[in-house]
Amino acid sequence: MNCVKIVSCLKGSFCHLRLVIALWLCSYQNVVALPLLPKPGQIPSTSELPSSPNSATFQPIEISPTMIPHYPFHGEPLPPMYPSFPKTYDPVLTGRCPVNFSVISSITAKTASDCTQSLSTVVGNVICCPQFNSLLHIFQGFYSNHFDTLVLQNALADDCFKDIISILASRGANSSLSSMCSVKSSNLTGGSCPVKDISTFENAVNTSKLLESCSTVDPLKECCRPFCQPAISEAALQISGIKMTLSDNKNIVEAPSEIDTLNDCKGVVYSWIAKKLRFEDANTAFRLLSSCKVNKACPLDFKQPSEVINACRNLAAPSPSCCSSLNAYITGIQKQMLITNRQAIICAAVFGYMLQKAGVMTNVYELCDVDLKDFSLQGCLLRSLPADLVFDNSTGFSFTCDLNDNIAAPWPSSSSVTSLSLCAPEMSLPALPTSQTLGSSGCHLDGVHFLLSTILIFVSTLLY
């Protein structure tokens, strides 16, 4: 079906009506609604789960996995994008963790929602693991409110960690969070950090500066002009007992053991911050700090693209064989997980550098119409800022796709991936397509572009 082209008229009721009809016609044959009826007693209380974010015109919109049409990759089924309603039950606790978990139920509920069994493997890097780590920091801070220590003893840490996993699993979360997020009970112990009690910590650290820097983390500035992160690093260094040498105005750590100690001490610093802040404020701050780290790297695994290199080397004009092998390769890596818009830029650069190093010097992204969204599962780019999965009684869990649709993947212009900076003005996120671009390109429904038909039908609800 040829999609109706969209013109740039968004004002007036007649234009609204035409646009809604056009979007509906464009999506009608490509959306398959899969209603999932909840089973009594098997869904978490909506009052204990994150509420759906408010949407405004041209803001990112919610896409429920149950509304994504079936479109299996060649030879393999889709990853788990059609979650069933989670089965909940009463957790079996060790009885040896001296913490009233009901007090932090809002954070455990959010974590269980973000790490649901069905979707955790595809949102682990961006949503689940950052929230799980935040929960552990908050748990440490909550524990320290009743004891004169910022960490737990080894045996107690094991018991409490088991209880945390059991509580999350009882609310529908993946029971393998520990391995998936590379987290152990030892993360609650402070490891090799020499300072673990509150009084010693507060005597060694400028706590006023630390709290001022991290009580409110600016989501627009922190990742590029960090304020809280240096304060945490400075506090960790102060309690680590490590003597740093200065070289070119940069702190250099010689031994790997010292790096481990600094990381362990950062965990202690996080615990102190969590102790001082409200649960929700601490969670917001920790998630924002995680997003800065997450968006600095591409989480996708790129295998050697031999077929792409052979088909696209020494290319000067569009080649069906090149584009076919390139699209097949990207379809393969796309199945790995959902990534953010900023991660997609880095992934496109990393893959481009691989091709350039092997002799593919032509911009094959442009020749083969490769977009940023082609690097993310289901063609859905998540926002670079922290986001949560949202539970709905009728559609199950949903996630939010950014409206960065049909933005061409950037072909790297230099030979070094280390030169890439998302903080430089020229490397900011690409602009959204203009009305002229929308008017001439139509809708892509082939290969990895099919998600657009699902997204469009939801836009009509945002126009009034």
message: Please list all pairs meeting side-chain hydrogen bond (donor to acceptor under 3.5 Å, both in side chains) that have one or both residues in residues 141-157, counting only residues at least two apart or in different chains.
response: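 Checked against side-chain hydrogen bond (donor to acceptor under 3.5 Å, both in side chains) - neighbours excluded - the pairs reaching residues 141-157 are Asn145-Lys275.
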Should [X] and [Y] count as side-chain neighbours, where that means a heavy-atom distance under 4.5 Å?
X      : Y      : value
Leu338 : Ile127 : no
Tyr365 : Leu372 : no
Leu168 : Cys115 : no
Val92  : Ser166 : no
Glu234 : Val205 : no
Asn133 : Val183 : yes

- prompt: Taking Arg287 as the fixed residue, which of Asp114, Val217, Val294 is the one that meets the side chain to side chain contact (heavy atoms under 4.5 Å, CB included) rule?
  reply: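 One option only clears the test, and that one is Asp114.
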- prompt: Does the side-chain hydrogen bond (donor to acceptor under 3.5 Å, both in side chains) test come out yes or no for Thr261 and Ser192, once each step is laid out?
  reply: CA-CA 5 Å; Thr261 298; Ser192 60; 3.1 Å; yes
task: Heavy atoms only: give me the nearest Cys128-Cys181 pair and the separation to one decimal.
output: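 Heavy-atom minimum between the residues: SG-SG, 4.5 Å.
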message: Before you tell me yes or no, could you show the steps for Cys347 and Val350 under side chain to side chain contact (heavy atoms under 4.5 Å, CB included), namely the whole-Å CA-CA distance, both residues' side-chain angles and the distance that decides it to 0.1 Å?
response: CA-CA 5 Å; Cys347 290; Val350 169; 5.6 Å; no
field: Any residue meeting salt bridge (Lys or Arg N to Asp or Glu O under 4.0 Å) with Lys184, in chain and number order, not counting sequence neighbours
entry: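 Listed in chain order: nothing, the list is empty.
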task: State whether a side-chain donor-acceptor pair under 3.5 Å links Asn295 with Thr340.
output: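 Note: Asn295 and Thr340 side chains meet the donor-acceptor criterion.
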task: Could you tell me whether the side chains of Asn174 and Ser120 share a donor-acceptor contact shorter than 3.5 Å?
output: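 Ser120 and Asn174 do have a side-chain donor-acceptor pair below 3.5 Å.
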query: Does the side chain to side chain contact (heavy atoms under 4.5 Å, CB included) test come out yes or no for Phe397 and Ser118, once each step is laid out?
result: CA-CA 9 Å; Phe397 284 96; Ser118 301; over 6 Å; no
field: Those residues that, when tested against Cys368, pass side-chain contact (heavy atoms from CB on, under 4.5 Å) (two or more places apart)
entry: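 Scan of Cys368 (side-chain contact (heavy atoms from CB on, under 4.5 Å), adjacent residues dropped) gives Cys322, Cys323, Leu326, Val370.
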query: Could you give all pairs that pass the ring-ring contact (aromatic ring centres under 6.0 Å, His included) test and reach residues 278-297, with sequence neighbours left out?
result: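 Matches after skipping sequence neighbours: His137-Phe286, Phe142-Phe279, Tyr270-Phe286.
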field: Qualifying ring-ring contact (aromatic ring centres under 6.0 Å, His included) pairs, either residue in residues 198-242, two or more places apart
entry: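 For residues 198-242: Phe201-Trp272.
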message: Using only atom types and a distance under 3.5 Å, with no angle test, would you say the side chain of Glu202 pairs donor to acceptor with the backbone of Thr207?
response: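 No, Glu202 side chain to Thr207 backbone: no donor-acceptor pair under 3.5 Å.
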message: Let's go through Phe375 and Gln343 carefully: what are the C-alpha distance in whole Å and the side-chain angles of both, what is the deciding distance for side chain to side chain contact (heavy atoms under 4.5 Å, CB included) to 0.1 Å, and is it a yes or a no?
response: CA-CA 9 Å; Phe375 289 88; Gln343 284 178 323; over 6 Å; no
message: What verdict does the side chain to side chain contact (heavy atoms under 4.5 Å, CB included) test give for Ile232 and Leu210, after you've listed the backbone C-alpha separation in whole Å, the side-chain angles of each residue and the deciding distance to 0.1 Å?
response: CA-CA 7 Å; Ile232 292 176; Leu210 177 61; 4.3 Å; yes
- request: Would you please name every residue forming a ring pair (Phe, Tyr, Trp, His ring centres under 6.0 Å) with Phe302, sequence neighbours left out?
  value: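 By the ring pair (Phe, Tyr, Trp, His ring centres under 6.0 Å) rule, Phe302 matches Phe351.
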